[in-house]
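A quick write-up on the structure given underneath.
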Amino acid sequence: MIKIMIADDQELIRESLGIVLGASPDMEVCAVAADGNQVLSLIKKEKPDVILMDIRMPGMDGVECTRIVKEKYPDIYIIILTTFDDDEYVYGALKYGASGYLLKGISMKELTEAIHTVVNGKAMINPEITDKVVKLFNKMARSNYAIQVNDEKAEQLTKTEWKVIQKIGCGFSNKEVASELFLSEGTVRNYLSSILGKLELRDRTQLAIWAVQTGAVNRTFE
């Protein structure tokens with residue numbers, strides 16, 4: 001059973017999402033919150049697997065809440081509910097480790113599929129904003145949102161690890177990386193764990209940003 005917390009300052013959205021997701025046989029809405037502060041007060045007791053996080057909320061917005069949640073509870077998946085004019089907020093959410101970015105107004109089928117996707121360890125980006133997010137990654141790589149890695153640590157990476165980094169920077173899932181590099185998914189997961197450990201990065205989102213930042217996505221590794 002996937003335990004879900006809904007964080008949105010609009011009561012109608014909270015109730016609507018709660019009704020629809022609660023009807024899914026493998027999902028349970030364990031809590032609802034109107035802002036980031038309520039999320040943090042409920043999270044320890046309710047222990048959700050996934051948080052559907054509105055970005056613009058009073059008190060504490062979704063970006064700051066994402067940062068705190070991922071620092072304290074790194075195993076909780078966060079899906080950001082966004083709109084096209086939320087660029088500034090999405091930058092922060094990307095930086096702090098959100099697993100999904102969806103436009104408000106998507107179908108309930110798409111939402112439940114997105115929840116399953118992130119629980120399985122993959123990033124989920126609404127197709128309508130994929131190009132936008134790629135541009136955000138590039139902008140972040142040139143701004144103060146860029147991920148910093150010690151050069152000596154980067155030198156520890158093997159050629160295969162660089163190839164894995166390149167694919168992740170291009171948005172590939174573990175399955176797609178495995179297919180491209182003729183590896184098993186388990187081997188890719190092991191490589192990813194090793195890479196994150198060497199670079200002291202929190203998750204694949206930070207790694208993807210760093211890959212764009214360093215130009216690894218455009219390099220040729222023979």
Would a 4.5 Å heavy-atom cut-off, applied to side chains only, mark [X] and [Y] as touching?
X    : Y    : value
I165 : L157 : yes
I195 : L207 : yes
I76  : K47  : no
C30  : I4   : no
L196 : R202 : no
M53  : I79  : no
L192 : V177 : no
I51  : V39  : yes

Quiz item: Which one of V69, D61, I68 satisfies the side-chain contact (heavy atoms from CB on, under 4.5 Å) criterion with C65?
Solution: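 With C65 as partner, side-chain contact (heavy atoms from CB on, under 4.5 Å) holds for just one option, V69.
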
Practice problem: For residues 184-210, pull every pair meeting ring-ring contact (aromatic ring centres under 6.0 Å, His included), keeping only residues two or more places apart or in separate chains. | Solution: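 Of all non-adjacent pairs touching residues 184-210, those that pass ring-ring contact (aromatic ring centres under 6.0 Å, His included) are W162-W210.
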
Can you tell me how far apart [atom1] ([X]) and [atom2] ([Y]) are? Round to the nearest 0.5 Å.
X    : Y    : atom1 : atom2 : answer
K198 : E152 : NZ    : CD    : 14.5 Å
I78  : L52  : CD1   : CG    : 10.5 Å
L111 : H116 : CG    : NE2   : 10.5 Å
T158 : K163 : OG1   : NZ    : 9.5 Å
I13  : E11  : CD1   : CD    : 11.5 Å
D203 : K70  : CG    : NZ    : 6.0 Å

Any donor-acceptor N/O pair, [X] side chain to [Y] backbone, under 3.5 Å:
X    : Y    : result
S193 : R189 : no
E110 : I106 : no
R14  : D8   : yes
Y101 : A98  : yes
T187 : L183 : no

Exercise. Just do the side-chain contact (heavy atoms from CB on, under 4.5 Å) check on V119 and V50 with the steps written out, would you?
Key: CA-CA 8 Å; V119 169; V50 178; 3.6 Å; yes

Quiz prompt | Ion pair E28/K3, N-O distance below 4.0 Å | solution =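 Salt bridge flag = no for K3 with E28.
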
Practice problem: Take E176 and S179 through the test side-chain hydrogen bond (donor to acceptor under 3.5 Å, both in side chains) and record every step on the way to the result. | Solution: CA-CA 5 Å; E176 291 168 332; S179 176; over 6 Å; no

Quiz item: Between Y73 and K44, is a side-chain contact (heavy atoms from CB on, under 4.5 Å) present by the stated rule, with each step listed?
Solution: CA-CA 9 Å; Y73 310 96; K44 189 172 183 179; 3.9 Å; yes

Nearest heavy-atom neighbours spanning [X] and [Y]:
X   : Y    : result
D35 : P58  : CB-O, 3.1 Å
S24 : T112 : OG-CG2, 3.8 Å
M5  : L42  : CE-CB, 3.9 Å
M60 : N37  : CE-OD1, 3.3 Å
V29 : G22  : CG2-N, 4.1 Å
D9  : M57  : N-CG, 4.1 Å

Quiz item: For E180 and K167, what are the C-alpha separation, side-chain angles and deciding distance, and is it a salt bridge (Lys or Arg N to Asp or Glu O under 4.0 Å)?
Solution: CA-CA 8 Å; E180 287 284 321; K167 300 304 180 184; 3.6 Å; yes

Quiz item: Can you check side-chain contact (heavy atoms from CB on, under 4.5 Å) on V188 and S184, steps first, answer last?
Solution: CA-CA 6 Å; V188 171; S184 69; over 6 Å; no

Exercise. State plainly whether one hydrophobic cluster holds both M27 and M108, where clusters connect Ile, Leu, Val, Met, Phe, Trp and Tyr through side-chain heavy atoms under 4.5 angstrom apart.
Key: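 They do share one cluster, since a chain of ILVMFWY contacts under 4.5 Å joins M27 to M108.
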
Exercise. Give the intermediate values and the outcome of side-chain contact (heavy atoms from CB on, under 4.5 Å) for residues L21 and I115.
Key: CA-CA 10 Å; L21 294 176; I115 291 171; 3.9 Å; yes

